[in-house]
Number of protein chains: 2
Amino acid sequence: KEKFREISVAEFFAKNKELAGFANPTRALYQTVRELVENSLDATDTHLILPEIVIRIVNRPELSGSNGSEQRFTVIVEDNGIGVPPTVMANAFGRVLFSSKYVIRQTRGMYGLGVKAAVLYGQATAGQPLKVVSATKGSSYSYMKELFIDMKKNEPRIVSEGQWRRRGSWHGTRVAITLMGDWRRAKNRILEYIKRTAIIAPYAEIIFETPDGEIYYFPRLTRKLPRPPREAKPHPHGIDLEHFKIIIKESKAKTLLELLVQEFQSVGEKTARAFLKKIGVNPNLNPKKLLRKENEELLRSIVDEMKKFEGFKPPRSDYLSPLGEDLIKLGLKRLFEPEWVEAVTRPPRAFEGNPFIVEIGMAYGGKIPPMNEPLLLRYANKIPLLYEEKEDISWKVLSSINWKLYLINFPAPLVVLVHIASTKVPYKGVGKESISEIPELEQEIKNGIQEVARRLRAYISRKMKEAETLRR
Amino acid sequence: KEKFREISVAEFFAKNKELAGFANPTRALYQTVRELVENSLDATDTHLILPEIVIRIVNRPELSGSNGSEQRFTVIVEDNGIGVPPTVMANAFGRVLFSSKYVIRQTRGMYGLGVKAAVLYGQATAGQPLKVVSATKGSSYSYMKELFIDMKKNEPRIVSEGQWRRRGSWHGTRVAITLMGDWRRAKNRILEYIKRTAIIAPYAEIIFETPDGEIYYFPRLTRKLPRPPREAKPHPHGIDLEHFKIIIKESKAKTLLELLVQEFQSVGEKTARAFLKKIGVNPNLNPKKLLRKENEELLRSIVDEMKKFEGFKPPRSDYLSPLGEDLIKLGLKRLFEPEWVEAVTRPPRAFEGNPFIVEIGMAYGGKIPPMNEPLLLRYANKIPLLYEEKEDISWKVLSSINWKLYLINFPAPLVVLVHIASTKVPYKGVGKESISEIPELEQEIKNGIQEVARRLRAYISRKMKEAETLRR
Ligand SMILES: Nc1ncnc2c1ncn2[C@@H]1O[C@H](COP(=O)(O)OP(=O)(O)OP(=O)(O)O)[C@@H](O)[C@H]1O
Ligand SMILES: Nc1ncnc2c1ncn2[C@@H]1O[C@H](COP(=O)(O)OP(=O)(O)OP(=O)(O)O)[C@@H](O)[C@H]1O
Ligand SMILES: [Mg+2]
Ligand SMILES: [Mg+2]
């Protein structure tokens, strides 16, 4: 009587588009620009390439409804990044949960879904294939594919492909997705997203052409790239039973001691010996024996103890890629022309074995208009977050600050920037708009805001004294 | 240099547990109870069975950490529902995106993920297999399976199974999942969830045994079941290109006219003819021709026009299963012992072809303590929603009400219940805690609150006059 069936993950996200941020044509147009731009930035600055990104939203009147009620656009994003190898190109753009970012490294992408969610939405609302052209660095060919996603099988269905000898040394990727959108409603948010991306990436050249033919140009202001993020091994505090079993299965280590040192970060031989001594386990144990049913309890207790052993060094943060205080201050100055600006990059911390760095920027006065509450600019792994503000961890922390303690009375001209850089950003949803309330993150955001607010108080207090002195 | 790989949807939700509501042991214990109870209610009241549900959370000290820091529990939920057929049992509990609820019908479940997300969390944190026992109505056997989910392949890995001849006429399902949890922190929410479930299901008998051995008993108060929901065909306003292509591929209809009438709800022959006449398409067209590349533009314009054609009857609402005004009032009376209670079941509406009914209940005074804002009880498809209140559509609408217009000044003793029943509840995330802001839903919630608030105003106004009369 009940009809049982399985659906593919492509069908799942097609049926539930709103989960991925594609709730309506306005959000869909915004999300498509986001997913493509974030992929282009991951393909450039993560790989020490100075980004050159061109974004075009082109009106497609021949595909749109008669009275203009269904508007369709083609979103084209081109970059000078590392390109996509031809052997994986079809899967990278046509198979949901296929990604090069399933490693422990700070990148904007993490789910293996982004561009595919945009393709699925475009397919359902405009019926046109995705088109991608790419050449990897040093390759003598450029490759092109036009494809749909086969929803039943979650695989690419290629409708045309080609390759040609490359002229010159261009490398990079150009993606075009056609979808139903609402440019009039999405315009401000899309502009804001691109602007806020450019403001923290002064090393990037970004060109944006709108459906109305307007061109927004964000020139490169510096050739200095932030240190790129690096791939890390897992940290023992972040391990669980499933993960540990997979590590044991795949490891070539002959002993448990070797496995701990080789397969994890922050575990030297001395520490590993101390840990195994503490829990009374033989360091020479063949780790594969831990997979046997009779050793189930031993495996569980090893994992439990690993998660709380204080002796492991904290997760490495030199693998992370923060913005840096100079870049944050420069960005805030350009955006707001304030009279005062400050920034702090907090020391690294971790939650569940994931290292993170919180950075706070603040701008005050000057051309900032007085507002009833601080203007919050949120960033995570260098992505600007524009929606779901009231649900976000940064908003919750910011709302808890008593600004009177810092001599700020609203209305006041105050901007606060929060950036969280981590190997795992705990978003609330795959649409990446707001971040869950993790206690360790909350603490650091609070510490950072208070640290910069104290400097603002010193500035305001000094100005008040100066004004006092002038009056006498 | 970039390492490309594909992961299964099981690995995806294991890696990103927080997306499914399993952010930490406290939330995980709560979510596991929820997922099992919601499955049990779907297996009973949707099928005209008076539910008998037993929930037990059992302490597992032999699996827990030495100093009590890692606590593990087994959550056992047993029901007298329709059972799970043995042929699909392993997949139903061991394959992510396998479900009997991928049809157009109002059920609590919709994603095909719920119980599997709990199994994945349990597997990662406790290493024990899921155990399920089930017998379908009329079957002479009971079937048992113990299984893990193979994360790489997203399929069940059965570790033991059995069957035995059934004594008597028991039918139903008993599910046991073992996981790391935090009963102390989760207790209040779990109790509240079960209580709020019982309060709108007076036809259900629910027994809850806690890890401390306490037993909470919610007896059956009525044998009257609400009309069960029924499966519907899609409505033309909710169609997109992908969906329409699938309908065409699978339909046996010989002409486009037949297809519209057979495959959709709310489309009679007269209406279908009028629609095709309006858009100038031959009703005798062989629908399979629409799948050809040369007819791409015609297909797109048919779908565009279908979505906005006003002539189709609105989506059927007799397929929905609202709570009803009596049941809401009864529940509020039992929970709060107010001096005044009212409820309204709003007329059916639709968003994007999905029919929905909003129901509002309000309770005032009596034993309700005065509070600074109304207490909001949210429900969707009869599921109580306890988290992410400030992000929810009902909260946003409630916050916009000017209660002074209704003679309410806070602090005031006011409770507001909002229930949304639909064939598709637009949750913000797969954890089903808050609902997206859909304009049509917002409007109906607002209309409903105002309608009941007007009756409250009449009551308060009458009481004020009586008090006035008494004073003279
Ligand atoms: N412009 C690009 N240049 C190079 N590689 C790209 C580009 N766009 C996509 N890719 C490759 O395709 C893969 C899939 O992209 P997709 O956006 O679907 O997932 P993701 O970026 O890995 O994760 P997320 O879902 O969080 O965006 C990426 O991991 C990357 O390897
Ligand atoms: N107690 C039960 N009695 C009968 N069938 C059940 C029971 N529990 C689960 N099932 C079956 O197993 C399927 C899978 O359950 P699961 O919770 O994973 O997904 P779902 O309920 O369909 O959707 P959701 O992810 O929204 O909960 C259900 O669709 C149902 O057919
Ligand atoms: Mg991406
Ligand atoms: Mg379920």
Is the positively charged end of A:Lys428 above the ring of B:Tyr387, judged by distance under 6.0 angstrom from the centroid and angle within 45° of the axis? no

Under 4.5 Å heavy-atom distance to chain A, tell me which part of B:Thr46 shows up: side chain, backbone, both or neither. neither

Highest number of heavy-atom pairs under 4.5 Å with chain B: which of A:Gln123, A:Glu18, A:Arg5? A:Arg5

Highest number of heavy-atom pairs under 4.5 Å with chain A among B:Lys245, B:Lys308, B:Glu296 belongs to B:Lys308

Among A:Leu120, A:Val430, A:Val303, A:Leu63, which residue has the highest count of heavy-atom pairs closer than 4.5 Å to chain B? A:Leu63

So, B:Asn39 and B:Lys101: side-chain donor and acceptor under 3.5 Å apart, yes or no? yes

Find the one option among A:Arg95, A:Lys1, A:Lys390 whose heavy-atom pairs under 4.5 Å with chain B are most numerous. A:Arg95

Under a 4.5 Å cutoff for heavy-atom pairs, which residue among A:Glu11, A:His47, A:Lys152 has the most contacts with chain B? A:His47

NZ/NE/NH1/NH2 to OD/OE distance under 4.0 Å, A:Asp304 and B:Arg72: yes

Check whether NZ of the Lys or CZ of the Arg A:Lys307 lies under 6.0 Å from the centre of the six-membered ring of A:Phe244 and within 45 degrees of that ring's axis. no

Quick check for you: among B:Gly431, B:Ser99, B:Ala14, which has the greatest number of heavy-atom pairs under 4.5 Å with chain A? B:Ser99

With only heavy atoms counted, which part of A:Ser434 is less than 4.5 Å from chain B, the side chain, the backbone, both or neither? neither

Chain A: which of B:Gln128, B:Glu352, B:Glu62 shares the most heavy-atom pairs with it under 4.5 Å? B:Gln128

Heavy-atom contact with chain A under 4.5 Å, split by part of B:Lys396: side chain

Go through B:Glu305, B:Glu388, B:Glu231 and name the one with the most non-hydrogen pairs under 4.5 angstrom from chain A. B:Glu231

Please work out whether the ring planes of A:Phe4 and B:Phe98 are parallel, tilted or perpendicular, with thresholds of 30° and 60°. parallel

Pairs of heavy atoms under 4.5 Å with chain B: top-ranked of A:Met151, A:Met110, A:Glu297, A:His243: A:Met151

Ranking B:Val103, B:Asn16, B:Thr125 by heavy-atom pairs under 4.5 Å to chain A gives rank one to B:Asn16

Working to the nearest 0.5 angstrom, can you tell me the gap between A:Leu290 CG and A:Leu299 CG? 5.5 Å

Might you point out which heavy atoms bring A:Tyr121 and A:Lys17 nearest each other, and give the distance in Å? CD1-CD, 3.6 Å

Can you tell me which portion of A:Ile82 sits under 4.5 Å from chain B's heavy atoms? Options are side chain, backbone, both or neither. side chain

Do B:Ser64 and B:Gln71 get their side chains close enough for a donor-acceptor pair, meaning under 3.5 Å? no

Taking every non-hydrogen pair under 4.5 Å, which of A:Ala126, A:Ser301, A:Ala92 racks up the most with chain B? A:Ala126

Heavy-atom pairs under 4.5 Å with chain A - which of B:Ile7, B:Val9, B:Asp240 has more of them than the others? B:Ile7

Do A:Ser100 and B:Glu2 get their side chains close enough for a donor-acceptor pair, meaning under 3.5 Å? yes

Is it true that, when you exclude B:Lys153 itself, more than 12 heavy atoms of the residues, nucleotides or ligands shown sit nearer than 6.0 Å to its NZ? no

